[in-house]
Amino acid sequence: MTNTTTPPLHGYDELDRLMGLMTGDEKHGPAATSTLDVLWVLYDRVLRVSPATADSSGRDRFLLSKGHGPMAYYAVLAARGFFDEGLLSGFGAYDSPLGHHPDRLLVPGAEIGSGSLGHGLPLAVGSVLGLRAQGLTEPRVWVLTGDAELDEGSNHEAIAYAGPAGLEQLNTVVIDNASATYARPGGIAARFEAAGWSALTVDGRDHEALYGAFTAPHPGRPHAVIARVASGR
């Protein structure tokens, strides 16, 4: 399966406008803006999924574990044509499919319902195991977490399992905006490497650095990219 074949309806320079259509008191703006560049590079250049292939068994799966700040995610999905941008202005309203946490049954392109910390990475491990059980070894599973989510023990169980299990189809992006409560000796990348993962740390605003890290080979191992960003844009 090839990468996204349809061009975006909107380019990167329009993402601020699309995000500006979403208003309300529960925007979690810093949580959203810290993910924007990572999401754009993934959907624009890396993920093998498009609106036309969103139900294909051979698609890549993207899981937004950092679902308590979905504004950037919604803006990127709209820009890629998964749904009409007109839905953005209803963000968080009672009758809108775009809730403060994404709902996979309501948001076109969303793979999981998320927002509760610590669930995405374990779900991604299960997704890879499910693909393997079906003989689907080409689709990749990507999960985006925040550094504070790594305070949750469920994530460390997933990290500890995935490395020795050799889950090469699994890719994790950690948004490191220095919001974690607990420090990790050697940094976040060292935690993954200790469990047998491939890990790279890059500037989370540098699109070329992100693309290089996302596409770096990691035969026989799951892959983690730690994207360092400052809050805001």
Side-chain angles (χ1 to χ4, degrees), residues 28-42 46-47 60-73 100-102 110-129 140-206 209-210 212-214 216 218 221-232:
H28 289 282
T33 56
S34 66
T35 68
L36 190 61
D37 296 277
V38 164
L39 287 167
W40 179 255
V41 174
L42 283 173
V46 178
L47 292 174
D60 286 347
R61 277 77 167 166
F62 174 78
L63 283 56
L64 181 69
S65 186
K66 193 177 170 68
H68 55 284
M71 290 176 59
Y73 183 47
H100 294 132
H101 292 183
E111 295 282 357
I112 60 171
S114 62
S116 298
L117 299 181
H119 290 174
L121 187 49
L123 285 170
V125 169
S127 297
V128 171
L129 294 175
R140 300 165 300 185
V141 177
W142 288 81
V143 58
L144 188 154
T145 74
D147 59 331
E149 280 194 82
L150 297 186
D151 292 342
E152 303 292 334
S154 55
N155 279 326
H156 291 277
E157 292 176 358
I159 293 168
Y161 175 85
L167 301 188
E168 185 178 340
Q169 290 166 264
L170 177 61
N171 300 266
T172 298
V173 186
V174 181
I175 302 296
D176 180 9
N177 54 10
S179 62
T181 301
Y182 303 106
R184 291 167 186 84
I188 295 174
R191 171 66 186 92
F192 284 90
E193 291 170 339
W197 290 56
S198 164
L200 294 170
T201 301
V202 296
D203 181 345
R205 302 293 188 198
D206 186 328
L210 287 167
F214 292 160
H218 50 96
R221 295 188 291 168
H223 185 51
V225 176
I226 292 81
R228 289 180 171 167
V229 298
S231 296

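Throughout, residue positions are numbered sequentially from 1 according to the sequence presented. Fair warning: this is a prediction, and the values are worked out from it, not measured in the lab.
- Not counting sequence neighbours, the partners of E111 by the salt bridge (Lys or Arg N to Asp or Glu O under 4.0 Å) test are R59.
- Between the side chain of N177 and the backbone N or O of V229 there is no donor-acceptor pair closer than 3.5 Å.
- Contacts classified as side chain to side chain donor-acceptor pair (under 3.5 Å) and involving residues 193-202 (residues at least two apart or in different chains) are given here: S198-H223.
- In this structure the side chain of V225 reaches within 4.5 angstrom of the side chain of V202, judged on heavy atoms.
- L210 contributes atom CG, which lies 14.0 Å from atom CH2 of W40 (distance to the nearest 0.5 angstrom).
- Among residues two or more places apart in sequence or in another chain, the side chain to side chain donor-acceptor pair (under 3.5 Å) test is passed with D147 by S179.
- Between S154 and G118 the shortest heavy-atom distance is OG-O, 2.6 Å.
- N171 is listed as a side-chain neighbour of H218, based on a closest heavy-atom distance under 4.5 Å.
- Taken to the nearest 0.5 Å, the CZ atom of R228 stands 15.0 Å off from the OG atom of S34.
- Of the inter-residue distances, the one linking T172 atom OG1 with L121 atom CG reads 4.5 Å to the nearest 0.5 angstrom.
- In this structure the side chain of L42 reaches within 4.5 angstrom of the side chain of F214, judged on heavy atoms.
- Atom-to-atom distance recorded for L39:CG and L64:CG is 6.5 Å, nearest 0.5 angstrom.
- In this structure, R221 and E168 have side chains that are not in contact, with every pair of non-hydrogen atoms separated by 4.5 Å or more.
- In this structure, A194 has no side-chain contact (heavy atoms from CB on, under 4.5 Å) partners at least two apart in sequence or on a different chain.
- Nearest approach of G120 to L63, heavy atoms of both residues: O-CD2, 3.9 Å.
- The heavy-atom pair separating V141 from S127 by the smallest distance is CG2-CB, 4.1 Å.
- Listed by first and then second residue, the side chain to side chain donor-acceptor pair (under 3.5 Å) pairs that reach into residues 114-123 come to none, sequence neighbours excluded.
- Taken from CD1 in I226 to CD1 in I188, the straight-line distance is 6.5 Å, to the nearest 0.5 Å.
- A search for ring-ring contact (aromatic ring centres under 6.0 Å, His included) contacts involving H156 returns nothing, not counting sequence neighbours.
- T145 OG1 to E152 CD: the interatomic distance, rounded to the nearest 0.5 Å, is 11.0 Å.
- Using a 4.5 Å heavy-atom threshold, the side chains of T35 and K66 count as touching.
- Of all heavy-atom pairs spanning A189 and A199, the tightest one is O-CB, 3.8 Å.
- Listed by chain and residue number, E149 satisfy the side chain to side chain donor-acceptor pair (under 3.5 Å) test with S65 (two or more places apart in sequence, or in another chain).
- When the ring-ring contact (aromatic ring centres under 6.0 Å, His included) test is applied to F62, the partners found at least two apart in sequence or on another chain are Y43, Y73.
- Closest heavy-atom contact between A213 and L200: CA-CD1, 3.9 Å.
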Item to complete: In sequence, state the C-alpha distance, the side-chain angles, and the governing distance for H68 and L117, and then conclude on side chain to side chain contact (heavy atoms under 4.5 Å, CB included).
Response: CA-CA 8 Å; H68 55 284; L117 299 181; 3.8 Å; yes
